[in-house]
Amino acid sequence: MSEQQEEDVLSGLVGAAPALSPLETLRHSTAHVMAKAVQKLFPGTKVTIGPSIESGFYYDFDPPRPFTEDDLAKIEAEMKKIVDANEPFVRHELPRSDARAMFEKLGETYKVELIDGFPPDAVVSYYTTGDWFDLCRGPHVKATGEIKAFKLTAVASAYWRGKETNPQLQRIYGTAFSSQADLDKHLARLEEAKRRDHRRIGKDLDLFSIDETIGAGLVLWHPKGGRVRHLIETFWREEHFAHGYELVSSPHIARDELWKTSGHLSFYKENMFSGMDVDGQQYLAKPMNCPFHCTMFKKGLRSYRELPHRWAELGTVYRYERSGVMHGLLRVRGFTQDDAHLFMTREQLPGELERVTNFCLYILKTFGFTDFKLYLATRPKEFVGDPEIWAVAEAALLDVLKKSGLPFEVDPGGGAFYGPKIDLKLKDCLDREWQCSTIQVDFNLPERFDLEYVGQDNKKQRIVMVHRALLGSMERFFAVLTEHYAGAFPVWLAPVQARVISIGDRQAPYVQEVAEILTKKGFRVDTHVGGDKLGAKIRQAQLEKIPFMLVCGDKEVEARAVAARGRDGTQLPAMSIDAFAEHLAKAAAIPRGGVAPA
RNA sequence: GCUGGCGUAGCUCAACCGGUAGAGCACCUGACUUGUAAUCAGGAGGUCGCGGGUUCGAGUCCCACCGCCAGCUCCA
């Protein structure tokens, strides 16, 4: 939980009842019912806080022993009793000192700690639920009988007040809806999310794997996934050349000298894989590409006439991530960033920021993403660089976002110490946000590497530098892309675009010929001949989410035609091989700047 | 890293209180030659995550490690 979120939760404990939506109120009340049930079933359990959240609610407890999954059913049963009893929620108020004494007497040390954080003159409210009560600002439903449909979903742990150094509490997650039908709908959505999970699809479609013998968070791209990645990269490279970039390339390791200069050994060391000794020199795997590009920039005296330089690299980096944080392809230890560094003059900064932002949105739209969250992260308390140029950069970023016409949020003080940035997050199948695109101004590395250019006045000037990634990393982007399309990649990205299928063995030579013709035209085509029934072959291709199935029986051989079926079940009229090739070419066109059809 | 859960054939899963591993799909072989989401039969396939320990005997119990899942913390 961020500090801001924590503030929100804690501020909800004192003063007048905040305005919660009916659903939020219902869920918060359900959390109270759960807390009552837990304290009855597990005497000695201390209560803490229990807010409603986006998909339900949770309540954090400090129990004598950790909860297990089996406990959830017992708690649910106890909750049902409380609901059936239709106990009213009643608000009571007390002076702060009386409230403190009351909770202290009960041994509710966490509640006491919360009260201690309230203003001295605060009137503290608590709510009774039958013979049970809880420190709470409310609001609540009138009585427990209003809780019609709820379910406890998970047990986990969480740190008290979100701080790693604090004691760990036991958190129980649940959800509640105003009707059983809504709850069922929600549970069905979760099932659907499981089917879209890129880890599931990656296995089913043989796209990638991660093997513990190789190491956690290190990805194997199988041929099918490798093909999709190649298609993404090819598009990416072409677009970069078309948008004024040059492609560069740098090694995976470098001497500690480089990382001292860049500052990574002082501020990023705990995220770097430990070094290796080579001939008495320490080498470390790169966690970022920027120091290489900076070093490259220093080769030669730069003139304002040659700026800006836009150097892009699909650079593979390695970062040590703590063991519990890896998640499929979304969070890994080795990944390839679609990185670029822009070197420019101060004056060029606003124009370059606008240009790169538009480029970014163009690329994402081409891949079919329109539902993303934009954040502008501004100057933090600790920062390097001239406040004046910070202001220029922030104003430029704000201006770019406004011009885009897209909604965005400002994250005050959320910028890196070295500069402000725009972050763009995409959602996974469970609506969790993952940062993909980022555009970051950097006032630090140009100093550390002493990057300069000769200005019009023949004087050396400090470079302004921008880091940016559009997709973020190939791994994370591929994961989000896979979940976005549930594995049914748009035709331009599909690893196999069409499968040619025979009805019996007789048509095998013709099937082969059709496949060869289409392959020669540059399409990705494979075949399925042999003894299986047609239905089985169709089913197989459907499961593989291949966009087109070309059925060839005796009729098609006779007419030198194909009967094409789309993966959406549509049946195209029988057509010649060339006619289908034309159809496929249209379907496979890259929807540049548009939205790729699913 | 923390808490809880988990790790059995390529995949999905089964094996009561410890008695020495089983199914479906996939794969291979054969038969069938099929018109739009699963043809039939046979076969092969496992040092039960890895290493210790307890026991006459461990997939099952204990310890440590590795990995996975959910959440937290981190990350941006």
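Just so it is clear: chains get the letters A, B, ... in the order the sequence lines come, proteins before strands, and each one is counted from 1.
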Contacts under 3.5 angstrom, residues 374-382 of chain A side chains, donor-acceptor by atom type, not counting sequence neighbours:
{"from": "A/Tyr375", "atom 1": "OH", "to": "A/Glu433", "atom 2": "OE1", "distance (Å)": "2.8"}
{"from": "A/Thr378", "atom 1": "OG1", "to": "A/Gly413", "atom 2": "N", "distance (Å)": "3.0"}

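Considering only residues two or more places apart in sequence or on other chains, A/Phe177 meets the ring-ring contact (aromatic ring centres under 6.0 Å, His included) condition with A/His186.
To the nearest whole angstrom, the two C1' atoms, one in B/G45 and one in B/A38, are 22 Å apart. Here, B/U54 and B/A64 have their C1' atoms 15 Å apart, quoted to the whole Å. Taking atom C1' on both nucleotides, B/U60 is separated from B/C16 by 11 Å, rounded to a whole Å. B/G19 and B/U33 are spaced 49 Å apart, taking the P atom of each and rounding to whole Å. Comparing the P positions of B/C61 and B/A15 gives a spacing of 13 Å, expressed to the nearest Å. Only the C1' atoms considered, B/G10 is 7 Å distant from B/A26, to the nearest whole Å. Taking atom P on both B/C72 and B/G49, the two are 29 Å apart, rounded to the nearest angstrom.
A/Leu471 has its side chain out of reach of A/Phe478: every pair of non-hydrogen atoms, C-beta onward, lies at least 4.5 Å apart.
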If you restrict it to nitrogen or oxygen atoms, what contacts under 3.5 Å exist between nucleotides 39-47 of chain B and the protein, and what is each distance?
none

N/O-N/O pairs, protein side and nucleotides 62-69 of chain B side, under 3.5 Å:
{"from": "B/C66", "atom 1": "O2'", "to": "A/Glu212", "atom 2": "OE1", "distance (Å)": "3.1"}
{"from": "B/C66", "atom 1": "O2", "to": "A/Glu212", "atom 2": "OE1", "distance (Å)": "3.4"}
{"from": "B/G67", "atom 1": "O4'", "to": "A/Glu212", "atom 2": "OE1", "distance (Å)": "3.3"}
{"from": "B/C69", "atom 1": "OP1", "to": "A/Arg199", "atom 2": "NH1", "distance (Å)": "2.9"}

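Considering only side-chain N and O atoms, A/Arg565 lies under 4.0 angstrom from the phosphate OP1 or OP2 of B/A37. Listed pair A/Lys537 / B/A38 fails the phosphate criterion, with no side-chain N or O lying under 4.0 Å from OP1 or OP2. The shortest distance between the side-chain N/O atoms of A/Arg506 and the OP1/OP2 oxygens of B/U34 is below 4.0 Å. Using a 4.0 Å cut-off, some side-chain N or O of A/Tyr173 falls inside it from OP1 or OP2 of B/C72.
Of the charged side-chain nitrogens involved, none lies within less than 4.0 Å of a carboxylate oxygen, so that A/Glu394 and A/Lys421 do not count as a salt-bridged pair. The pair A/Lys286-A/Glu313 meets the salt-bridge criterion, with a side-chain N (NZ, NE, NH1 or NH2) lying under 4.0 Å from an Asp/Glu carboxylate O. With respect to the salt-bridge test (charged N to carboxylate O, under 4.0 angstrom), the residues A/Arg65 and A/Asp71 qualify.
Remark: aromatic rings of A/Phe477 and A/Phe369 are close, center separation under 6.0 Å. For A/Phe42 and A/Phe67, the ring centers sit closer than 6.0 Å to each other.
The side-chain contact (heavy atoms from CB on, under 4.5 Å) test with A/Leu550 singles out one residue from A/Leu518, A/Thr527, A/Leu572, and that residue is A/Leu518.
For a distance-only test at 3.5 Å, the side chain of A/Tyr159 qualifies as a donor-acceptor partner of the base of B/G1. Between the side chain of A/Ser157 and the base of B/G4 there is no donor-acceptor pair of N/O atoms closer than 3.5 Å. You won't find any donor-acceptor pair under 3.5 Å spanning the side chain of A/Gln170 and the base of B/U3, going by distance alone.
In this structure, the nucleotide among B/G4, B/G35, B/U33 sitting nearest to the side chain of A/Asp505 is B/U33. The side chain of A/Val325 approaches B/C74 more closely than any other nucleotide in the set B/U34, B/C74, B/U12.
Both cation-pi conditions hold for A/Arg171 and A/Tyr58: the charged atom is under 6.0 angstrom from the six-membered ring centre and inside a 45 degree cone around its axis.
Each salt bridge (Lys or Arg N to Asp or Glu O under 4.0 Å) pair with one or both residues in residues 528-549 of chain A, not counting sequence neighbours, appears once here: A/Arg499-A/Glu544.
In this structure, NZ of A/Lys555 is placed 14 Å from C1' of B/U34, rounded to the nearest angstrom. Here the C1' atom of nucleotide B/U3 and the CG atom of A/Asp62 are 12 Å apart, to the nearest Å. In this structure, A/Arg432 places its CZ atom 10 Å from C1' of B/G71, rounding to the nearest Å. When the C1' atom of B/G1 is taken as reference, atom CZ of A/Arg322 falls 4 Å away, rounded to whole Å.
Mapping A/Ala154 and A/Gln440 onto RNA chain B by nearest heavy atom places A/Ala154 at the nucleotide closer to the 5' end.
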List the steps and the verdict of side chain to side chain contact (heavy atoms under 4.5 Å, CB included) for A/Leu353 and A/Val441.
CA-CA 9 Å; A/Leu353 289 176; A/Val441 184; 4.2 Å; yes
Would you please test A/Arg200 and A/Glu192 for salt bridge (charged side-chain N to carboxylate O under 4.0 Å, His left out) and show each step?
CA-CA 12 Å; A/Arg200 174 79 264 142; A/Glu192 166 63 17; over 6 Å; no
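Among the duplex regions that RNA chain B forms, those built from at least three successive Watson-Crick or G-U pairs under 3.5 Å are B:1-7 with B:66-72, B:10-13 with B:22-25, B:27-31 with B:39-43, B:51-53 with B:61-63, ordered by first number.
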